[in-house]
Each structure stands twice: as structure tokens, then as C-alpha cells.
Amino acid sequence: MSGQNGEPKSGILKELTWRDMIKQQTHQEELDQVLSEGSVSLYCGFDPTADSLHAGSLLPIIALAQFRRHGHKPMALVGGATGLIGDPTGKSAERELITEEQVQKNIDGIRVQLRTILDRALEMHTDQLSDDVKNALHEPTPIVNNADWMKPWSFIDFLRDVGKHFKVNTMLARDSVKDRLENRDQGISYTEFSYMLIQGYDFLHLFKEKSCALQIGGSDQWGNITAGTDLIRRTESKSAFGLTLPLLTNSQGKKYGKSEAGAIWLDAERTSPYEFYQYWYNLDDEDIPRLMRVFTLLPEEEVDALSAQIESKNRPQQVKEKFAHEVTWLVHGKEAADKAVRVSKMLFGEEISGLTDKELADLFKDAPSFELEAARLESGVPIADLLVESGMQKSKGAARRLLKQNGVYINNKRFGQEERDVTREDLSSETMLVLRAGKKNQCVVKIV
RNA sequence: GGUGGGGUUCCCGAGCGGUCAAAGGGGCCUGACUGUAAAUCAGGUGCUUAGGCUUCGCAGGUUCGAAUCCUGCCCCCACCA
């Protein structure tokens, strides 16, 4: 009974629909039927282009988790083979090849993240889960690597068995290829051109070996996904399905997952849980309801209530705190998320004083820190020097400007415009002080 | 290969012998107002020991003086074959 106008009957599609997480799908009704009849195996691929995933990858990860929460069997695929080739989709120019060692290193990194987040998604809001699902929670979500089945192929075999099923005519019509062909000085290499054969074959392989009937991915992956469903239909005469997720942009049309400072990584070393939390907290109010549906596992009623609250401007901070906490929890764990909330309250609150080193160090574990020799403090350190040496400002000129604009704070207390020296008086605990530049940049200065 | 137009500070883009550290816009930063939001407003946005110093594709040259003129080189774009 699903279809353009109908309600899907499978639990998972119902969920993804109200969350607005479906961009396109192949054979809607048939897919809905299959998903409502029983447990379906599915997968989503992740490119090993870096040793950490970033916030953009969170969407497919959550989607996989949602399937799992509805009793299906998701898998994550890391592209050990495809990563060596490079996906031309959405790229205006040929990419540099990544070395094999680098790809391996990247795979190791993102594997851990996938595992952690996928597992954690099963521990959150468990009251929504059916008993069957709860009983199966201890089974980890499988993570496969396409290098395992791609590497053994010989070129000739691959061309005969896979290449034969792809028409260059069709491949040439794809936007990602067309753009590159029409732009004379940014052609496409045979290597990248072949990318879709590999991704298409991955699907066939998983279909045969793991009964994988569905591939999901970002909306840019539509072409690559249908390459797989087509290949399966052609060689196996069976249906396989594809589903893509929407490309999320904010009210200004910008993509998520990037801040001015760069990408928001899922790796705590690259983007600390505190920064991660702050990223979500600081997004536009307007975008929060939409994002809450997509990036949290909160149930519908709760999302609706919170959305209504933020829309009516009734203590919107509460809603944002909840939202940012949920996302941080999913990625970094509850403890880290709780702490991010505490640190944030501390930082955006009153003057910092009366804390011990231990408390301060604990609160600011994620914040950058800088060590200053005790002797220098005794004689006094010019504030501009401190700002530059701690890395908060890149030149003294910039430090002076900031000062003049009233943007320097020590222990959350405005420093004033005068260029005086920082001394022992400025410590907030035994050996530390908190230096802040502007609203959101702080650094712990430790005396050693 | 031929012809024409270009490469300017994070980006776009003006400047075409001194008054240019270089208009304007975007971005970014800071402040005010708020709510750590958005919108709005104000200021800032090469380095500096504040006297200077280094920047306008690269290398030379002309000149008292060059981003601006000349020569060579590199790269890009457009049209033609």
C-alpha cells in the first residue's frame, strides 16, 4: 500500500519518512513490501579518503543504525579497493591517487569509528526497540572491505565478467562523467571512469554472498547505486534496491559538517567532543527541528515537542542543548557529552575563580593548552606575546587589534584595552588561567 | 599552431608611473543587541621593536620613483585551424 501518496507499511520506511531521510528509492512499493516482510540485509559504503569520518558521514551511519533498530541487518563497507581508485562523483577534477598504505591507515581509522557509533546507536533510547531487536544487540554490525573480493580479480576476468555488463554509452551519460568530458582541460582518466564498475560489482558480490538486497548512500551516490541494482538484475535476474539520503544544507544553503575552521571530524583527536558539541549547539535555530529528526534517535513525540518549543522561542537554548548533547552522545559517548555541556555552561557563564587546578584541568581537558614558564610570569608577560605564543592569535598586530576591540578575556573576565603584562595575579587556580579570545576561543595557560 | 584577453593582498574584483599596504563586494574576526542562535548595526582584516619592512604570476630592465612602462619566461581563458 505504499507509493507516492501512500504511507509506507514497513516500520523502517515509516521512520525514515517522518524523519525526512529519504531522497530517492528504487521500486518504492516492492522495497516497502520486502522490508515489511522480514529482516533485510543492506549496506552502505564509506570512502577511506581520510583517517577519520566527518559529520557528513553521520547521516548514512545513522540511517544504517535505524535499519538495525528496526530489525534489519545493515553492514558497513569500507572502500579498500574503491579508495585506491577514487570516486569521480561530484569532483570537477581528477584526484591524486592515495597510496595503499594511506588507504589502509584510513580504513583502520574509520573502521573503529563506524563500529563505535553503530554500536552506540543501539544503546540509546532502547525503549523504542522491539524485544527481538534487543535480544540481538550484542551482535556487532558487520564491517566489510571490498579489497577482500576485488583484489583477487585479474584484469581480464574483471573485464569479461563485469565489464561486459556495462555499456559505455550509459556510463558516458552520467553527470559526473559528462561534466568531465565537456570540460576539455579536466578530462577523466580511465581509472576514475571505471569506478562505477567496482562499486556496482560490490553490490552484486554482497548480494550473492551476504544476501544483501539494498544499498543506501548519499544522494550523490544514486548513479553508483543503480549501477549495482542494474548489474544484479542483469546477471541474477533478481531485484535489488537502492535508497539515497538527502543532501542536507542549512537555511543558507551550505552543507553541514564544515565549520569555518574546517571539517567537523568524528575523531575526538581532530575535533574534540567539546568543539563537536559547540558546532551543533551553534547552528541556526531554524534548522534545528529538521536536524533533530535526522541526527538524533529521539522518538517522534519528543522531537515534535522540542521543535514546537524552539519554534515558539520558548527557552530555545534548552532545545539546542538537548539536541547537541544527543549528537555528541552518539558520536563520543554519554560521559563526553555530559562534560561538553558542563564545560560549555562554565565557559559561557561567570568569571572563573575559586577552582582548583584539578577541577580546572578536568573541565578544560578538551581545550587547547599552553605551557608558560613560571619565571616569565614572575616578571610579567606582555598580553600580546601571550596571545601569540599560545597560538590564539597569529601575529602581534592581530593580538593588539583584538585587545583594542575588547575581545580579550582572562578567566572569562574582560581584560580591557590596555596592554599590560600578565602576572601571577591573573591566575584563577594554583597554576592556571584561562585565556579567551573573542566569544568562543579559549586556551588554558599552565604555569610550569 | 594562429589571434585576442588575462594572472592583484583568503575569494571575486578595481587600479594602469608617485597622493597604493592598494577602491568595492564576499568571506572571516571583534564589539553592541540577544540566547553561546539568526537578523541588524559598528569597527577591524600583510608584518613590525611603530621608525620602518615585505607584498600585486616569475626573473630581469627603464625611472628619482613601478602593481602600473619595457624584455624574457611560466600559467590560464576566449575565438579560430
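Letters A, B, ... are given to chains in the order of the sequence lines, protein chains preceding strands, and every chain is numbered from 1.
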Under-4.0 Å salt bridge between D426(A) and R420(A):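 Yes, D426(A) and R420(A) are salt-bridged.
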Can you tell me the distance, in whole Å, between the [atom1] atom of [X] and the [atom2] atom of [N]?
| X | N | atom1 | atom2 | result |
| --- | --- | --- | --- | --- |
| D285(A) | U36(B) | CG | P | 12 Å |
| L387(A) | C47(B) | CG | P | 14 Å |
| D287(A) | U36(B) | CG | P | 19 Å |
| N441(A) | C29(B) | CG | P | 9 Å |
| I310(A) | U36(B) | CD1 | P | 14 Å |
| L306(A) | A37(B) | CG | P | 20 Å |
| Y279(A) | A37(B) | OH | C1' | 14 Å |
| Q278(A) | G35(B) | CD | C1' | 13 Å |

Using the [atom1] atom as the point on both nucleotides, what is the distance between [M] and [N], in whole Å?
| N | M | atom1 | answer |
| --- | --- | --- | --- |
| C75(B) | U62(B) | P | 28 Å |
| C73(B) | G27(B) | C1' | 34 Å |
| C29(B) | G18(B) | C1' | 34 Å |
| C41(B) | G46(B) | C1' | 28 Å |
| U9(B) | A23(B) | P | 13 Å |
| U3(B) | U19(B) | C1' | 39 Å |
| G17(B) | A38(B) | C1' | 49 Å |
| C28(B) | C11(B) | C1' | 11 Å |

Closest listed nucleotide, where the reference is the side chain of Y277(A) and the choices are A37(B), G31(B), U36(B):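 So the side chain of Y277(A) is nearest to U36(B).
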Selected nucleotide, minimal atom distance to D284(A) side chain, candidates A38(B), G35(B), U36(B):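 The closest nucleotide is A38(B).
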[N] - base-pair partner by Watson-Crick or wobble geometry, distances under 3.5 Å:
| N | answer |
| --- | --- |
| U45(B) | G27(B) |
| C58(B) | G72(B) |
| G1(B) | C80(B) |
| G35(B) | none |
| U63(B) | none |

Looking just at side-chain N and O atoms, do [X] and [Y] make a donor-acceptor pair shorter than 3.5 Å?
| X | Y | answer |
| --- | --- | --- |
| Q221(A) | D87(A) | yes |
| Q417(A) | Q405(A) | no |
| T116(A) | Q113(A) | no |

Flag, side chain of K73(A) to backbone of V40(A), donor-acceptor distance under 3.5 Å: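 Absent.
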N146(A) side chain vs A81(A) backbone, donor-acceptor pair below 3.5 Å: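 Yes: the side chain of N146(A) pairs with the backbone of A81(A).
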Short side-chain N/O contact to A32(B) OP1/OP2 from R414(A), under 4.0 Å: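 Yes, R414(A) has a side-chain N/O under 4.0 Å of OP1/OP2 on A32(B).
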N/O (side chain, Y409(A)) to phosphate O (OP1/OP2, G31(B)) under 4.0 Å: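 Yes, such a contact exists.
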Whether W280(A) and F276(A) hold their rings parallel, tilted or perpendicular, with breakpoints at 30° and 60°: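 Perpendicular, since the angle between the ring planes exceeds 60°.
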Of V408(A) and K439(A), the one whose closest RNA chain B nucleotide lies more 5':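 The 5'-side residue here is V408(A).
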Residue closer to the 5' end of RNA chain B, V341(A) versus R436(A) (nearest nucleotide):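 Here R436(A) is the residue nearer the 5' end.
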RNA chain B contacts made by residues 390-406 of chain A, counting heavy atoms under 4.0 Å: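 Close to the strand are S395(A), K396(A), G397(A), R400(A), R401(A), L402(A), Q405(A), N406(A).
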Check: F203(A) ring centre within less than 6.0 Å of Y43(A) ring centre: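 Between F203(A) and Y43(A), the centre distance is under 6.0 Å.
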Touch class at under 4.0 angstrom, heavy-atom based, for F323(A) against every strand present: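 If one applies the 4.0 Å heavy-atom cut-off, F323(A) turns out to touch nothing in the nucleic acid.
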Residue pair F241(A), Q25(A): steps toward the side chain to side chain contact (heavy atoms under 4.5 Å, CB included) verdict: CA-CA 7 Å; F241(A) 307 93; Q25(A) 44 189 321; over 6 Å; no
